[in-house]
There are 2 protein chains.
Amino acid sequence: MSTARGARARARIEVTAAIKDEARRQLAEDGAAKLSLRAVARELGMVSSALYRYFPSRDDLLTALIIDAYDSLGETAEAAHAEVAGADPRERWITVCTAVRRWALEHPQEYTLIYGSPVPGYTAPETTIPAAARVGLLLISIVRAAYQDKGVARTPLPAELKPEARRMAAELAPDLPPETVTALVAAWAQLYGLIGFELFGQFHRVVEDREAFFRHAAGRLAHEVGLVVPPTAGPAE
Amino acid sequence: MSTARGARARARIEVTAAIKDEARRQLAEDGAAKLSLRAVARELGMVSSALYRYFPSRDDLLTALIIDAYDSLGETAEAAHAEVAGADPRERWITVCTAVRRWALEHPQEYTLIYGSPVPGYTAPETTIPAAARVGLLLISIVRAAYQDKGVARTPLPAELKPEARRMAAELAPDLPPETVTALVAAWAQLYGLIGFELFGQFHRVVEDREAFFRHAAGRLAHEVGLVVPPTAGPAE
DNA sequence: CCAAAAAGAGAGCACTGCTCTTGCATTGGT
DNA sequence: ACCAATGCAAGAGCAGTGCTCTCTTTTTGG
């Protein structure tokens, strides 16, 4: 009873899923800008106006795809993290960063949809916020574990930034030092700078071995948030 | 004679400029996606087909705007740098980064055009490359000056990245150490991560005092490329 | 069993990029 | 000074878009 009130309700779920699937297919192929409601409807053998019974507008369809993309990325990152749960924090940080990068390279259009430039006139509804936060929360949890275990290195903040740093810490992770939270937010943005530049072709003829480059850069970000390299490995930094 | 072969040639230059101006206006207002050739033509009092005499396609118009945007950004960055020519490298680095950020905030749509997600199906022609490189070259020149003066701090590279680092150095700045060039490329991408996150609303309800946050982050990037804080200022890092 | 709600179909509006043809104005060579 | 060649603007037209409205059919729940 609670799962489906009848054939009609079930059909609605199926059609909604079919629309999203076809839309995702077209998105992956031609990008968000060329995603066409009419084309989706055509491919599904329905008339375009019928599609509006399921998604009131093109933007609503895009919003649904955005949430799914955030979830897919979050799930991928969390799965990658679970596989190295025993490793040291620095290794786990790099693993998650690498998983995000790989997901981005495998789903360029979906990545563009969520971390690329927003479609003008379109503002993501509040609904997307929890899904969007997943990777960020995962990165925070890694640093938190390191902090509670052996502590993290801290970079002193300039006086002018201290109030803001305290504010951010209170909002995002009250149990972590403001220096750490500040570095975390910066590293979070910088991570997406690295991925975006690679994905959007800015590294064309600049970086060739992008895998190695990224691993190193992610390691530097780990260093920046205070995750020290484990004492058993290599020379001190 | 060389400036204009006649009234017709002059008129062509003027109309071309008028089209670009109006297009830039519409771009700033509604974003690249909604830039419409027909709307531009309408606003200029000409019929849409006439506009195709000046720009063979919408993409060509966008390309022209992209080159102009790169030039505008490059000029802004260079002007800001010229004003602090006497300062220490770290200060000059931060100044240029801040100038790029300010330009981005003042020209969000133009920034999106050049550093946002690319329009699918559109590949920037080779023509844009020199204009695109200006800010990068400026950042390199700052680090080069510091290197030739008092030297820069170097972060050791993992063995797997050394060949690629040497390659990048040979390509971008043969006179600089591979460690420095690698850090420079990463910092370059990360800078645009910071700006993009702020511009595209990812810092919404996360970072409030964005000016102070950015200044600090840019300082950390300077540190990362090896620009040390001058000995006269503050406690050691 | 039957009114109400949901869903599909089709026509239509206003818009887009782009092409093609037609007529007019300017140009440069003879 | 003329005249063919070129440049340019205008208009019609094509195929596509998001979206709305109306009409008909199907399913639902009281």
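Letters A, B, ... are given to chains in the order of the sequence lines, protein chains preceding strands, and every chain is numbered from 1.
Residue A/Arg38 places no side-chain atom within donor-acceptor reach of the base of D/dG16, judged by atom type and a 3.5 Å distance cut-off alone. If you check distances only, the side chain of A/Arg8 does reach the base of D/dT26 with a donor-acceptor pair under 3.5 Å.
Electrostatic pairing of B/Glu211 and B/Arg101 counts as a salt bridge here, judged by a charged N lying under 4.0 Å from a carboxylate O.
Distance from the side chain of A/Arg53 is smallest for D/dT22 among the nucleotides D/dT17, D/dT22, C/dG17. Here the side chain of B/Arg58 is nearest to one of C/dT16, D/dT17, C/dC18, namely C/dC18. Listed candidates were D/dG18, C/dA9, C/dG17. Nearest to the side chain of A/Leu37 is D/dG18.
Atom-to-atom, CZ of A/Arg10 to P of D/dT27 comes out at 13 Å; the value is rounded to the nearest Å. To the nearest angstrom, P of C/dC15 lies 13 Å from CD of B/Glu43. Rounding to whole angstrom units, CG of residue A/Asp30 and P of D/dT17 are separated by 11 Å. Summarising the geometry, the separation between CZ on B/Arg42 and P on D/dA9 is reported as 18 Å, rounded to the nearest angstrom. Look at CE on B/Met46: it is 9 Å from C1' on D/dC8, rounded to the nearest Å. One atom, CG of B/Leu61, and another, P of C/dG17, lie 10 Å apart when rounded to the nearest Å. Note: CG (A/Asp60) to P (D/dG18) measures 13 Å, nearest angstrom. Taking atom CZ of residue A/Phe55 and atom C1' of nucleotide D/dT20, one finds them 19 Å apart after rounding to whole Å.
Look at B/Arg12 and you won't find any side-chain N or O under 4.0 angstrom from OP1 or OP2 of C/dT26. Here A/Ser36 reaches the OP1 or OP2 of D/dG18: one of its side-chain N or O atoms lies under 4.0 Å away. Between A/Tyr52 and C/dG8 there is no side-chain polar atom (N or O) within less than 4.0 angstrom of OP1 or OP2.
Contacts of B/Leu44 with the nucleic acid, taken as non-hydrogen atoms under 4.0 Å apart, are absent. Counting non-hydrogen atoms under 4.0 angstrom, B/Tyr54 reaches the backbone sugars and phosphates but no base. Within 4.0 Å (heavy atoms only), B/Ser49 reaches at least one base atom of the nucleic acid. Within the nucleic acid shown, B/Leu35 comes within 4.0 Å of sugar-phosphate atoms alone, with no base atom in reach, counting heavy atoms only. Counting any heavy atom pair closer than 4.0 Å across all strands shown, A/Ser48 reaches a base atom.
Side-chain contact, B/Gln202 with B/Glu198: no donor N or O sits under 3.5 Å from an acceptor N or O. B/Ser57 and B/Asp60 share a side-chain donor-acceptor pair at under 3.5 Å.
Ring centroid separation for the pair B/Tyr115 and A/Phe200 does not come in under the 6.0 Å cut-off.
The minimum heavy-atom distance between B/Arg38 and B/Ser48, with the atom names listed, is CG-CB, 3.9 Å.
Counting non-hydrogen atoms of other residues, nucleotides and ligands closer than 6.0 Å to CD of A/Glu106 gives a total above 12.
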